[in-house]
Amino acid sequence: MSEHLPELSTAYAPADVESSWYARWCDSGCFTADPTSQAPAYSIVIPPPNVTGILTLGHVLNNTLQDILARRARQTGHEVLWLPGTDHAGIATQTVVERQLRKEEKKTRHDLGREAFLAKVWEWKEKHGGIIIGQLKKLGASCDWSRERFTMDEAYARKVQEVFVDLHKKGLIYRGKRMVNWCPVSLTALSDEEVIPKKQKGYLYHFKLEVVEAPGTWLEIATTRPETIMGDTAIAVNPMDQRYAHLIGQHVRRPLPLNVEALLPIIGDEAVDFEFGTGVLKVTPAHDKADYEIGLRHNLPVIDIMNANGTLNDLAGEGFAGLDRFEARMEAVERLKELGLLTKEDPYENNVGFSERADVPVEPRLSEQWFLKYPKTLEARDAVRKGLIRFFPDRWEKVYDHWLENIQDWCISRQLWWGHRIPVWYPAESLATGTTEGIRVQIESPGEGWTQDPDVLDTWFSSWLWAHDTMDEAVRGKFYPTSVLVTGPDIIFFWVARMIMAGLEYTGEIPFRDVYFTGIIRDKTGRKMSKSLGNSPDPLDLIAKYGADGLRFGIIRVAPQGQDIKFDEKQIEEGRNFANKLWNAVRFREMQGPATASPDLTGLELPEIAIHLLERFDTMHAALRGAYADYRFHEVAGLLYDFFWGDYCDWFVEAAKPILYSQSDEDSSAKAAILATMDVVLSGILRLLHPLMPHLTEELWRHLGYTAAASASAWGARNGFLLYTQPPEENHLSGVSHERISAAAASTKALYSAVHAVRNLRAEFKIPSKQQVRFLLASKGDLGEFTKLQSAIFAALTRASAVELITGSAPAGTPSILTDIGTISMPLEGLIDLEAERARVTTEIAKVEAELEKVNAKLADQSFVEKVPAAVLEDHRLRHTKWSEKLETLKTTLKTLG
RNA sequence: GCGCGAUUAGCUCAGCGGUAGAGCGCUUGCUUCACACGCAAGAAGUCACAGGUUCGAACCCUGUAUCGCGCACCA
């Protein structure tokens, strides 16, 4: 603790400070949770980033918030577990490794085979999977790294499979041939949540077909997907539609493929909207969800004309087979034109579902998949409705509730190799026949001759167990349910809702009490930041430039609860500047001699400016506790910033200088009181700021040689760190009477506002800032004597050569101003421009008259005076007095100017 | 179509019933013995629009507009 420390440099250089403190915390086990601790538990599980991930600004925001909560909890005496980890990100990771394989070895995963490919993925994971973890450490994240988890860890993976087996046993998991969202690039099914609707500009094509039984009668059909005509098996109209109802039961000839002009029945189905297009629908059961339903109702054949990769197959016929679906669209249009059937091409905008990962239109595809009927949906809704789980901001409750109300079964199988393999075994005969008879749902192989389902589970089917299955028995006993979850609203369905259901199903408890939803970080033009747009600055560059603490503080200060954030590097620069300000304020303190963190103020005679400052500090601290209570982090940052920069640096330190620099013996007790006040406030600020700027505050704490009461959860090697130091006390002025406090506050405020007014006067008259000026003060007296100390402070802050107390009004022709301490005039010995001063005073009079008029109008209003609360009325009366006085003074001044 | 946000100083955003705020940018002075990543002073706003409630509205209510997001629809 008492190591020799060099003097602080004039500018804070974060790089070394940050890495060395991070290492010391880790080496001392500061982040390692102790399940046997007696201290109350506080726990958070990290939203696991993808192993393929690199840190984005979104992660910075999200993890800084978690770190703030974790560090604040440690300071307030909790035993903290912040459990970190990553998820295996099935599609993303497999894609990355496949791409690398193609590039480096010109091979596909099929060339390697399943086992060899998976070995490659693991190899890749070991090599690159830790990147984002390393980045979180650079940010200062105080995670318990000894408990880092991965969704493919052996124990965790086993849990995932057990859950599958269990839910199957409960009848909630089933296999079925259904229409699913198919990604033709990733070659797998997707859940509904992984499909992102995007507006697409295309065409609505109209073509006509002649009714076979009624030559000369043509039906006109509107479609956006003419390439699926070859898969059509009926034409549908609404049975209530007078235009077409009589044609039901008759037929048309399908125009494509050319050589097989099949007859299609005209059917009646109420799903057809008369208003849309022509009111006639082509029915393609194999390639459209709604059409599939119609097909089921009418027993229509299903013709699948597409391959898994989105190209057309042989059933599409010559000229189409092998074409990509979008090439085929153009081709189909050409053919229809040639046949003279195309009647219209209207430009048309519609929503097309895109694959979240591959960013290509998904293809509705009929396939065998595993589905889950969600467990505990009612309980999950109730947990939030009844406030067992609280959402911040609470508007997300509605979104959550709505989703659960309309919940659909979840397609959980993925046609990938990287992931948790589905624990289902098929006997040889079932494989041959394609039936599901005789299959076994269990983790271990039933023996020779059984084949495991080749598919894996949706990554979210593993991460929905994250809140409880990352913990062993002992840890769960202490730390589950977790205290809070911090995440983005974009995964409210993917993760939050599902985790609540899993928690209820498998632990019988909610997984977390509070959920804090962050805002989404956008670029200057309002676009969401993403890898593909390349509009996200690299947080590591920002850390290199501004320091992790600067980055953290900067981003927190502009992140109001649940509101999206338009990112601007200037914001981070401000964070860095604030760090530097703190650094220099501490430097200044060190120059004044040795410091102590918790000096006893009771025996000291505190100057009024000190009482005022401590009162401001306590007020700020109370507001800060309130802000923490409902996760208003940007307010926490704002309170600390405003108090420290404004109240402490700009006013208190500057006002304290004449005392600190005084050589006179009679000032020595005031000097001691000032230094003690500085220590109280600096140590308090460092403690309160620590969760936001951990490295810098810890460095300064150590540098100042501060020590203070450790929190209840500090033991052994944890002792002595600011990280485990309690927040400052809540009431620093318990030994001072209320009268004295309010008198000190009033006189200090008056003094400061007089300083401000006089500085303004100086500037108005263009007095060079170096030039000292003599001021005359006609004291108002209602604040008591203008003390020697106040006079010294006033002189120092206004660069006065002297402040002479006078009685009566200011000398004629002297610029003067009414302040809260009295009328202050600035005799310039004939140097002033009378004309300019008259103009200044006249403008001022106009302003004051306008204000006075406003107050007068209110006070003259009978109903205002009667109905308004007493305090407000008093406030207005006071205002009236003030403006009136001011006006009087100004008028007198104007008169003396001639 | 339904729901949710946003609209306040040139920019980024606070404030959400009692005299319109911050930071940046801008103007003017300052190499003042902690800090130019700084200090001091200043200019700058019909708080999107229209109604309503209230003694009083940026704030509450009802509409409208623009932008964004989610859900549904999507032939």
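Just so it is clear: chains get the letters A, B, ... in the order the sequence lines come, proteins before strands, and each one is counted from 1. Please read all numbers here as calculations on a predicted model, not as lab measurements.
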* Mapping A:Tyr12 and A:Val280 onto RNA chain B by nearest heavy atom, which one lands closer to the 5' end? ->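 Nearest nucleotide further toward 5': that of A:Tyr12.
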* Pairwise 5' ranking along RNA chain B for A:Asp564 and A:Glu851, keeping only the more 5' one ->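 Upstream on the strand: A:Asp564.
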* Asked: When you measure from the centre of the six-membered ring of A:Trp410, is the NZ or CZ of A:Arg498 under 6.0 Å away and within 45° of the axis?
  ->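 Positive - A:Arg498 is close enough to the ring of A:Trp410 and near enough to its axis.
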May I ask you to say what [X] touches in the nucleic acid, namely base, sugar-phosphate or nothing, with a heavy-atom cut-off under 4.0 Å?
X: A:Gln862; result: nothing
X: A:Tyr205; result: nothing
X: A:Lys570; result: sugar-phosphate

[N], OP1 or OP2 - any side-chain N/O from [X] closer than 4.0 Å?
X: A:Arg759; N: B:rA41; value: yes
X: A:Asn577; N: B:rC35; value: no
X: A:Lys398; N: B:rC4; value: yes
X: A:Tyr752; N: B:rA40; value: no
X: A:Lys770; N: B:rU31; value: yes
X: A:His634; N: B:rC13; value: no
X: A:Arg576; N: B:rC37; value: no
X: A:Lys566; N: B:rG68; value: no

Can you tell me which nucleotide in [options] comes closest to the side chain of [X]?
X: A:Glu654; options: B:rC35, B:rU19, B:rA75; result: B:rC35
X: A:Pro869; options: B:rG18, B:rA20, B:rA34; result: B:rG18
X: A:Asn351; options: B:rC69, B:rA72, B:rC4; result: B:rA72

* **Test of ring centre spacing under 6.0 Å for A:Tyr641 and A:Trp645** =>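 Judged by ring-centre distance (under 6.0 Å), A:Tyr641 and A:Trp645 do meet the cut-off.
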* **Whole-Å gap separating C1' (B:rU54) and CZ (A:Phe864)** =>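 Rounded to the whole Å, the gap is 13 Å.
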* Under a 4.0 Å N-O cut-off, is there an ion pair linking A:Lys545 with A:Glu569? ->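 Salt bridge present between A:Lys545 and A:Glu569.
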* Basic-acidic side-chain contact under 4.0 Å: A:Arg254, A:Asp232 ->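 No salt bridge links A:Arg254 with A:Asp232.
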* **Any N/O donor-acceptor pair, A:Arg587 side-chain to B:rC35 base, under 3.5 Å** =>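 No such pair is found, so the answer is no.
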